[in-house]
There are 2 protein chains.
Amino acid sequence: MMNTVDNDICTEVMDTIESNSYNIYFENSLGELANFIERGRYSRFFVLTDENTGKHCLPLLQERLGNPDNFDLIEIPAGEESKDIDFCIGVWKMLIDFGADRQSLLINLGGGVISDLGGFAASTFKRGIDFVHVPTTLLSQVDASVGGKTGIDIDSIKNIIGTFTQPKAVFIEADFLKTLPARQILSGTAEMLKHGLICDADYWNRLKQSDLSTPAVELVHRSVEIKNAVVLEDPNEKGIRKSLNFGHTIGHAVETYSLINDKDSLSHGEAIAIGMICEAYLAHKKTGLSAEELSEITEVLMELYPRYDLKKADTDILIEYMQKDKKNQNGKINCTLLDKIGQFNIDNICTPEELIEGINYYATL
Amino acid sequence: MMNTVDNDICTEVMDTIESNSYNIYFENSLGELANFIERGRYSRFFVLTDENTGKHCLPLLQERLGNPDNFDLIEIPAGEESKDIDFCIGVWKMLIDFGADRQSLLINLGGGVISDLGGFAASTFKRGIDFVHVPTTLLSQVDASVGGKTGIDIDSIKNIIGTFTQPKAVFIEADFLKTLPARQILSGTAEMLKHGLICDADYWNRLKQSDLSTPAVELVHRSVEIKNAVVLEDPNEKGIRKSLNFGHTIGHAVETYSLINDKDSLSHGEAIAIGMICEAYLAHKKTGLSAEELSEITEVLMELYPRYDLKKADTDILIEYMQKDKKNQNGKINCTLLDKIGQFNIDNICTPEELIEGINYYATL
């Protein structure tokens, strides 16, 4: 089993990364998108945005693409709630109304909601039309845009419906990050830190020493490289791809809880940071993560992310969310843990009691 | 381009047919389903039925499978309307409520609505769980259960949303046909006749001479063989699979029209029979189908299927439905026609005027 990702491929850090039959562009990426569009024989182009990216990112896209007349725009409200099936139906209906055919291209301009929802809508519209991602948040650049997972929510159950479908290309444009609020940057940083924790201790150390309020594009590139290497080895999540679930079993449950109960709900990264602390504790109890490394992880994450009052959350409900998580089998809750920093350990069944212990570790910090 | 399907493979007519990494069983098929279930390592089983198959077919399935306690039942109303996205959401929610995990198996017990909807629901639930088809109508045995297309409707636009996903097996049980009303049998016969018309003149002649009110299982087997050979050569409908669309460009539009406007709407086969007559006329005009063969096709189909009053239909609306058909590109309407009986001809762009001429040929018969 692969437990580390080769560092050598990281010399020319801004190289285009080759994924599963598609490219991830870093240099002059919007220019590359213009080239891609010119090369492709698409009949029509559709851009999916949310209110925010329609305002802050679409003008740059239109400027770089030159002639924006070929495009029809589909806009959904900003926020996680837009990943609900109802909004997906709205996107399908707009594609129908615009007369989209099988040779149409959908350009997903936005964060993870846009790429997950847009990818799902495209992968099922007329049994599949092409789509590309132009991720505009740090989180979507290092996470959602790579790996070919699409997904939507039903009744706030995250990604319960989806497909494994690869985009035709991904265009990562550092300029988009400049307009992001600090909290959104930090949401993406959590996934970057996870990449270090699961398979690259050096990268974790570099991240620790970096100014993560404006992460260098080389760091983004390294995260994409790690995620891409993992998903290429295991596209359908039968084995090592599960490494990416570190922090996500408890993190997703906390995220769902917050989405339902908090007025100002946690960002994905904030929830995953909590999940990583809880699961690092489980790793210490179950898979040999040392007390020193548990402390180090806890300290780094607690310094970066605001404290969340987990005591108020009903642990029975959190456990129920975890049981509904699609990663589980036979109702047993499965966690990816760590042997040490930089080395993941998949398929650890955790009992509700253990999980509650992990939650309490965070709640009483 | 393949224009005929090898007849030799048809000697032991009741053999299991091998498709794209799955089997289609004919002999002792429910026994084979029991074996399949025993071999598979599934955590849970779900049976999707409609009101009719729940009543008429489920008891036989339960009897043959022995212990029915492992199963949870999901039932939807009978009829084409149940292919709407709303019912798909209902199926997803029941899978969630029943606690279905990724190791669950969905058994689609029913006609084309059940296999199309069930296939789509399964192929997207938690990014894909296994499913098998137990087709209970003639139409679904010779058509929907083979080929890996799944699909649901939005706003009565047929199969506008779907995936290409193969079932893990198909179990064709002749006993189910015994309970079917004559009209449902005839709905399936239309697809069988189409199989003959597009690539096997001998089979067409055999069908003409057969009592099609109770088609022999050997004929069902031959139709599955033809459809399977076509889809194996072209799983994603880039080329010869389009042969199966003969009769469907106009037929689907008539079907949608009838679904919306008629109290007792046309069956799929009845609509496709109309479509085949209209498109045979277009074939005579555009791809060299002889006047004699056009007459023969018209005569055979008119004798089998009730006359439908197409004069009352607004042709503009029919053309609009065709333009929304997912088979089209750039708004141009694409038809599969015939050079002669037993030889199809794909990718014929037809103008609205030509299509209306084809419709009028039928309307004034």
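Lettering of chains follows the sequences in order, A, B, ..., and the numbering in each one begins at 1. Please read all numbers here as calculations on a predicted model, not as lab measurements. When reading the values below, keep in mind they use all heavy atoms of this one structure, side chains included, and skip hydrogens, waters and symmetry mates.
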Gap between atom CZ of A:Phe125 and atom CD1 of B:Ile154 - 0.5 Å precision: 8.5 Å

Would you compute the distance between atom CG of B:Asp155 and atom CD1 of A:Ile89 and round it to the nearest 0.5 angstrom? 9.5 Å

Assert top hit (heavy-atom pairs under 4.5 Å, partner chain A, pool B:Gln103, B:Arg102, B:Lys93, B:Gln323) equals B:Arg102

Residue A:Ile161 versus chain B: region with a heavy atom under 4.5 Å: both

Identify which part of B:Thr165 has an atom lying under 4.5 Å from any heavy atom of chain A, answering side chain, backbone, both or neither. neither

With a 4.5 angstrom heavy-atom cut-off, is it the side chain or the backbone of B:Ser123 that approaches chain A, or both, or neither? backbone

Could you go step by step and tell me if B:Thr163 and A:Arg127 meet the side chain to side chain contact (heavy atoms under 4.5 Å, CB included) rule? CA-CA 4 Å; B:Thr163 58; A:Arg127 297 202 182 91; 5.9 Å; no

Full working for side chain to side chain contact (heavy atoms under 4.5 Å, CB included) between A:Trp92 and B:Ile160: CA-CA 9 Å; A:Trp92 283 329; B:Ile160 186 73; over 6 Å; no

Let's go through A:Ile96 and B:Ile157 carefully: what are the C-alpha distance in whole Å and the side-chain angles of both, what is the deciding distance for side chain to side chain contact (heavy atoms under 4.5 Å, CB included) to 0.1 Å, and is it a yes or a no? CA-CA 9 Å; A:Ile96 294 171; B:Ile157 305 173; 3.5 Å; yes

